[in-house]
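Just so it is clear: chains get the letters A, B, ... in the order the sequence lines come, proteins before strands, and each one is counted from 1.
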Amino acid sequence: MKPLEIVNQYLDIVFSKNGEGLSGILNENFNFHDPFVIEAISAADFISKCKGWMEVPKTIKMEKQFADRELTCSLYSVELITPSGTKASFQLTDYIEVNDREIVSERVYFFDPAAFAKAMGFMQDYMQKYS
Amino acid sequence: MKTKELLEVYYKGLNQKNSWDSVISDDFKFIGGDMTNQEPVLGKQAYIEILNRFGRLFHTMRVKEMIIDGNKAFVRANYDYVFPNGKAISGDVAELWKVKNGKLDELIIFFDTLSFQKLLAQ
């Protein structure tokens with residue numbers, strides 16, 4: 001399988017399968033980084049820290065995707081229903097490294113992290129980091 | 001010039017704050033200067049003005065990672081910011097490029113806001 005096929009399998013697990021099958025596609029030493037101080041240093045750590053996010057009903061709309069050998073980049077929008085019941089969309093990009101059919105690392109960037117924090121109900125926690 | 005060469009010229013020039021604009025297309029589209037607004041800023045001159053302002057905020061920069069696939073590229077760039085109050089910090093920016101007709105034609109940037117959290121915690 002090509003790296004982008006592995007990445008799309010991973011994104012499908014995250015966005016369509018509530019995280020079912022993550023342990024089978026993540027490298028044991030999976031390294032994850034996003035704007036909300038969720039830094040995970042193993043697959044088990046990531047699965048534990050992102051359990052709530054996996055359960056949020058959401059869809060992904062892929063805009064651009066490309067790869068250079070085992071390094072990939074995806075630009076996409078995520079649509080979801082916020083805890084207050086409104087529909088919202090956020091643009092993200094991620095940088096994923098694949099090795100031997102496993103996801104080794106991922107860095108996620110939100111176009112507007114504050115808007116995401118506000119919509120998902122943790123704006124106060126997010127802003128506290130800036131005070 | 002191919003995508004990699006264009007980016008090398010751009011980033012080398014950006015680091016020296018000189019001649020980076022030679023590889024920017026006249027119809028350049030830039031998204032990301034304002035995190036709350038995804039409407040593109042249009043035109044080379046408008047981007048030059050943005051970078052002239054941004055250039056006063058960083059001292060040096062370096063490319064940490066680069067993925068090139070034909071006319072598209074992802075760059076993780078790291079900037080050494082020095083703010084007017086004297087505080088300094090190093091922060092990443094994810095930069096997505098598109099090349100058209102031998103020039104850099106589009107850029108979308110995503111700031112790593114964790115860097116700024118660390119600054120404010122200083």
Side-chain angles (χ1 to χ4, degrees), chain A residues 2-5 7 31-40 61-78 88-98 104-119 122-131, chain B residues 2-5 7-8 29-41 63-79 81 83 85 87 89-100 105-122:
Chain A
K2 290 180 180 174
L4 273 181
E5 290 174 318
V7 167
N31 188 282
F32 178 83
H33 190 101
D34 86 351
F36 306 110
V37 203
I38 297 174
E39 293 185 42
K61 186 180 164 200
M62 189 60 67
E63 294 173 31
K64 281 183 194 171
Q65 215 170 20
F66 50 97
D68 182 359
R69 289 161 294 174
E70 74 282 6
L71 303 176
T72 74
C73 176
S74 303
L75 174 67
Y76 52 89
S77 298
V78 176
S89 177
F90 304 95
Q91 192 180 42
L92 291 81
T93 189
D94 70 19
Y95 170 86
I96 293 180
E97 184 180 356
V98 177
V104 174
S105 68
E106 179 182 20
R107 296 181 78 92
V108 178
Y109 300 85
F110 282 70
F111 188 85
D112 186 351
F116 179 79
K118 186 178 178 188
F122 60 90
M123 185 62 166
Q124 207 171 349
D125 289 344
Y126 180 65
M127 290 310 289
Q128 267 178 2
K129 294 177 178 57
Y130 290 92
S131 60
Chain B
K2 291 186 175 176
T3 303
K4 189 174 183 207
E5 294 167 293
L7 290 171
E8 282 169 354
K29 293 164 276 300
F30 172 64
I31 301 173
D34 175 354
M35 281 195 282
T36 64
N37 184 2
Q38 287 185 280
E39 285 300 310
V41 172
V63 170
K64 279 187 165 176
E65 269 145 341
M66 189 181 283
I67 304 175
I68 294 174
D69 186 355
N71 70 336
K72 292 174 281 186
F74 167 93
V75 174
R76 181 153 71 98
N78 179 261
Y79 294 85
Y81 303 108
F83 293 97
N85 62 4
K87 286 192 172 182
I89 194 171
S90 176
D92 286 352
V93 181
E95 307 187 338
L96 275 76
W97 292 95
K98 192 174 167 188
V99 169
K100 192 176 162 189
D105 191 60
E106 184 184 301
L107 171 63
I108 307 173
I109 66 168
F110 295 74
F111 284 99
D112 183 348
T113 51
L114 274 183
S115 312
F116 301 109
Q117 292 174 8
K118 286 168 189 163
L119 169 73
L120 290 159
Q122 280 178 8

Requested in this report: Please step through side-chain contact (heavy atoms from CB on, under 4.5 Å) for the pair A:Phe111 and B:Ile31, ending with a clear verdict.
Outcome: CA-CA 10 Å; A:Phe111 188 85; B:Ile31 301 173; 3.7 Å; yes
Query raised in the report: At a heavy-atom separation under 4.5 Å, does A:Gln65 approach chain B through its side chain, its backbone, both, or neither?
Result: backbone
Nearest-0.5 Å distance that lies between atom [atom1] in [X] and atom [atom2] in [Y]:
| X | Y | atom1 | atom2 | value |
| --- | --- | --- | --- | --- |
| B:Leu96 | A:Ser74 | CG | OG | 9.5 Å |
| A:Phe66 | B:Asn71 | CZ | CG | 9.5 Å |
| B:Gln38 | A:Asp112 | CD | CG | 8.0 Å |
| B:Asp69 | A:Arg69 | CG | CZ | 11.5 Å |

Query raised in the report: What pair of heavy atoms forms the shortest contact from A:Leu75 to B:Ile108, and how long is it?
Result: CD2-CD1, 3.8 Å
Query - Side chains of A:Arg107 and B:Phe110 in contact at under 4.5 Å (non-hydrogen atoms) - result: no
Query raised in the report: Are A:Lys64 and B:Glu106 within salt-bridge range, i.e. N to O under 4.0 Å?
Result: yes
Query raised in the report: Taking everything shown except B:Lys29 itself, do over 12 heavy atoms lie less than 6.0 Å from its NZ?
Result: yes
Requested in this report: Go through A:Val108, A:Leu71, A:Thr93, A:Thr72 and name the one with the most non-hydrogen pairs under 4.5 angstrom from chain B.
Outcome: A:Thr93
